[in-house]
Amino acid sequence: MAHFGLPDDFRREELIRIIEHSVEKLTLAELEALYYDMTTKSYIEE
């Protein structure tokens, strides 16, 4: 998919929607693995 010329805010919202939709389909084990990966990379800070 080519997304050239889209405003950054629109592209950001589009990516968030895609990611949210994908995350909703993950199993608990997959969510835990994703959470662990994101915390070790400092994408999530508690």
Side-chain angles (χ1 to χ4, degrees):
M1 282 189 245
H3 295 283
F4 300 107
L6 292 179
D8 287 346
D9 289 344
F10 179 81
R11 180 64 177 144
R12 183 177 189 281
E13 292 300 319
E14 179 183 39
L15 290 170
I16 289 171
R17 281 191 303 276
I18 292 167
I19 291 167
E20 285 177 340
H21 182 72
S22 299
V23 167
E24 289 173 351
K25 296 178 181 180
L26 297 178
T27 65
L28 179 57
E30 292 168 331
L31 284 169
E32 288 174 338
L34 178 61
Y35 175 80
Y36 176 79
D37 187 49
M38 292 179 76
T39 55
T40 59
K41 293 178 180 173
S42 298
Y43 294 132
I44 296 175
E45 296 179 22
E46 295 187 62

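Annotation: salt bridge (Lys or Arg N to Asp or Glu O under 4.0 Å) contacts involving residues 17-38, sequence neighbours excluded, comprise Asp37-Lys41.
Residue Tyr43 is grouped with residue Leu34 when hydrophobic side chains (ILVMFWY) are merged at heavy-atom distances under 4.5 angstrom, including chains of intermediate members. Under a hydrophobic clustering in which Ile, Leu, Val, Met, Phe, Trp and Tyr are joined whenever their side-chain heavy atoms come within less than 4.5 Å, directly or via other members, Leu28 and Tyr36 fall into different clusters. At a threshold of 4.5 Å between side-chain heavy atoms, the hydrophobic network of Ile, Leu, Val, Met, Phe, Trp and Tyr places Ile16 and Val23 in two separate groups.
Evaluation of the side-chain contact (heavy atoms from CB on, under 4.5 Å) rule for Ile44 yields Tyr35, Met38, Thr39, Glu46 as partners, not counting sequence neighbours.
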